Amino acid sequence: MRRPWGKLVTAMPASLKLPRRDGLLAPYTLTGRAPITAPPGPIKSRIGMAAVHVVADPLATINPTLEVALDWDATLRYRHHIWSLGLAVAEAMDTSQRGMGFDWRTAKELIRRTVVEAKTVRGAVLASGAGTDHLEPGPHVTIADVEAAYEEQCAWIEGCGGRIILMASRALAACAKGPGDYFKVYGRILAQVREPVIIHWLGDMFDPSLEGYWGSRDLDQATETLLTIVQEHAARIDGVKISLLDQAREVAMRKRFPANVRMYTGDDFDYPTTIRGDGDRHSDALLGIFDVIAPAASAALKALDGGDLARYADILAPTLTLSRLIFRAPTRFYKTGVVFAAYLNGHQSHFRMVGGQESARSMVHLSEQFVLMDRAGLLRDPDLAATRMRRVLAVAGVE
């Protein structure tokens, strides 16, 4: 059977030494597989949204741990890459480091610029994150403050002509007294939006400050609160993105959604089966891993469009092993793997991140990611990727 990532290339594959978990260096020779490519055209049977990263400006005269400067050309060029594959863009989400160094002031400009870019691309789909991250949680923050913060960000996105992803709020998690406060805040915001929104439940494995979201640390009770909001405001909700890394809970929830409300999987551990579905309902996708595996995600979803379930599964199987590594605990540092992949694949000229987060994963972890990307056919220029991997290793003292 023809492998989804293509035939063996004829040139001798590159070799390099990589650090192992036992502290030793071991030689690794790339597989020699050609990179996977997706056929042209739109994706029809599912919505596949990539929550995309931002490209820091490494030469800006700033304090990089306290201030933000983006390479706007590279950042927007990457969004065009995602759209060219038929995927949708989820902008200014946690993958862009919202809440981990990327501030609302810069997010506003990112959203404005991306909406403008989307209008130049036929069929481009874009939605942007609205939260309360410009409101610092504290003892004097009230529910009214949270509502006002959500209203400000939603108004900005809609004023730019964009669609809203309603992100979870650290300030709300800190000041809410119970489920009633969530009913109040979400009810108020949903009553004002112009178009149906995507609600995002981001679990505490991604952001410890969101523990107890929806008014309870008991996930069953929290689920019931969210389901009540969805059922009461279904006309204002396009879908819900669940980022709990809990496939069983996601599948059980989507069975209880009104027919018009989508489930957008945020399960970077088990996305192939939730997207495929169970014959009754399926999940669409809004995933950070789609930033890393975009060509494979596009190829797989287009295979699913054609009913080729075997090819769909064959393409995504090796990406799942990669995703489970990138999103390994502490899960919130997955962004480092996302940007590292973009650097290896030539989408940016450097491996620097907002807030200095390039240091959040070990060299062993990054080396394992390099190997898994190679085996999954996700190095679009293997020789370039090997050269860049050597540069990163050299900074760590590996010659």
Side-chain angles (χ1 to χ4, degrees), residues 12-33 35 52-59 63-65 71 74 78 94-97 100-102 205-206 208 245 268-269 288-294 296 318-399:
M12 182 68 69
S15 296
L16 64 168
K17 290 182 179 180
L18 299 176
R20 304 188 313 195
R21 291 186 177 270
D22 61 7
L24 300 177
L25 295 176
Y28 177 74
T29 300
L30 276 72
T31 61
R33 297 286 179 182
V52 290
H53 72 285
V54 293
V55 182
D57 180 353
L59 304 181
N63 184 326
T65 63
D71 179 336
Y78 193 75
D94 49 295
T95 306
S96 71
Q97 298 179 245
M100 289 186 69
F102 189 62
M205 68 288 294
F206 288 92
L245 305 180
D268 301 278
F269 282 3
I289 195 59
F290 271 21
D291 183 304
V292 177
I293 69 164
T319 75
L320 191 58
T321 306
L322 170 67
S323 187
R324 289 173 177 172
L325 172 76
I326 290 175
F327 285 80
R328 179 181 292 170
T331 301
R332 62 188 180 276
F333 296 127
Y334 78 88
K335 294 91 167 175
T336 302
V338 173
V339 175
F340 181 58
Y343 171 64
L344 291 177
N345 278 324
H347 294 295
Q348 53 193 80
S349 61
H350 60 87
F351 180 39
R352 298 278 290 181
M353 294 177 64
V354 171
Q357 288 291 316
E358 67 274 5
S359 64
R361 292 296 199 188
S362 71
M363 282 307 310
V364 171
H365 182 101
L366 296 177
S367 296
E368 291 173 348
Q369 177 177 334
F370 174 81
V371 170
L372 291 178
M373 288 181 67
D374 175 44
R375 292 174 178 172
L378 289 169
L379 298 178
R380 69 174 186 169
D381 181 339
D383 288 334
L384 173 65
T387 297
R388 291 189 163 194
M389 185 72 223
R390 291 190 189 97
R391 292 174 184 170
V392 173
L393 290 166
V395 172
V398 179
E399 300 294 343

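Positions are given from 1, in the same order as the sequence printed here. Please read these numbers as outputs of a predicted model, since none were measured by experiment.
- Side-chain contact between Ile289 and Thr319 is absent, with no heavy-atom pair separated by less than 4.5 Å.
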Item to check | Chi angles and distances behind the side chain to side chain donor-acceptor pair (under 3.5 Å) call for Thr95, Tyr334 | outcome: CA-CA 8 Å; Thr95 306; Tyr334 78 88; 2.8 Å; yes
Checklist entry - Step by step, would you call Arg33 with Asp374 a side-chain contact (heavy atoms from CB on, under 4.5 Å)? => result CA-CA 8 Å; Arg33 297 286 179 182; Asp374 175 44; 5.6 Å; no
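- Below 30°, between 30° and 60°, or above 60°: for Tyr343 and Phe351 the angle between ring planes is below 30°, a parallel geometry.
- The CD atom of Gln357 sits 5.5 Å away from the OG1 atom of Thr336 when rounded to the nearest 0.5 Å.
- Residues Tyr28 and Leu30 are in side-chain contact: their nearest non-hydrogen atoms beyond the backbone lie under 4.5 Å apart.
- Interatomic distance, Met353 CE to Phe102 CZ, rounded to the nearest 0.5 Å: 12.0 Å.
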Item to check | Verdict with supporting geometry, Gln348 and Val339, side-chain contact (heavy atoms from CB on, under 4.5 Å) | outcome: CA-CA 9 Å; Gln348 53 193 80; Val339 175; 3.4 Å; yes
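- Distance alone, capped at 3.5 Å, is enough to place a donor-acceptor pair between the Asp291 side chain and the His53 backbone.
- Heavy-atom minimum distance, Ala74 versus His347: CB-O, 4.3 Å.
- In this structure, CG on Leu325 lies 9.0 Å from CG on Leu366, to the nearest 0.5 angstrom.
- No side-chain donor-acceptor contact under 3.5 Å links Thr31 to the backbone of Arg375.
- Looking at heavy atoms from C-beta onward, Val55 lies out of side-chain contact with Ser349 at the 4.5 angstrom threshold.
- The number of heavy atoms from other shown groups lying within 6.0 Å of CZ (Arg324) is above 12.
- Of all the heavy atoms in Asp383 and Ala14, the pair that sits closest is OD1-CB, 4.2 Å.
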Next on the checklist: Please evaluate residues Met373 and Asn345 with respect to the criterion side-chain contact (heavy atoms from CB on, under 4.5 Å), reporting the C-alpha separation (whole Å), side-chain torsions for both, the decisive distance (0.1 Å), and the verdict.
Outcome noted: CA-CA 10 Å; Met373 288 181 67; Asn345 278 324; 3.6 Å; yes
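- By the 4.5 Å heavy-atom criterion applied to side chains, Leu59 and His350 are not counted as neighbours.
- Asp71 and Tyr78 form no side-chain donor-acceptor contact under 3.5 Å, judged by distance and modelled atom types alone.
- To the nearest 0.5 angstrom, Lys335 atom NZ is 8.5 Å from Phe327 atom CZ.
- Put simply, the side chain of Pro19 reaches to within 4.5 Å of the side chain of Ser367, judged on heavy atoms.
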Checklist entry - Can Arg388 and Phe340 be said to form a side-chain contact (heavy atoms from CB on, under 4.5 Å), step by step? => result CA-CA 10 Å; Arg388 291 189 163 194; Phe340 181 58; over 6 Å; no
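- Rounded to the nearest 0.5 angstrom, His365 NE2 and Ile326 CD1 are separated by 6.5 Å.
- Here the side chains of Val364 and Glu368 are in contact, with some heavy-atom distance below 4.5 Å.
- Looking at every heavy atom in both residues, Ala341 comes nearest to Val292 through CB-CG1, 3.8 Å.
- Shown here for Asp268 and Leu320, the closest heavy-atom pair between the two residues is O-CD1, 4.2 Å.
- Note: Gln369 CD to Ser323 OG = 10.0 Å, rounded to the nearest 0.5 Å.
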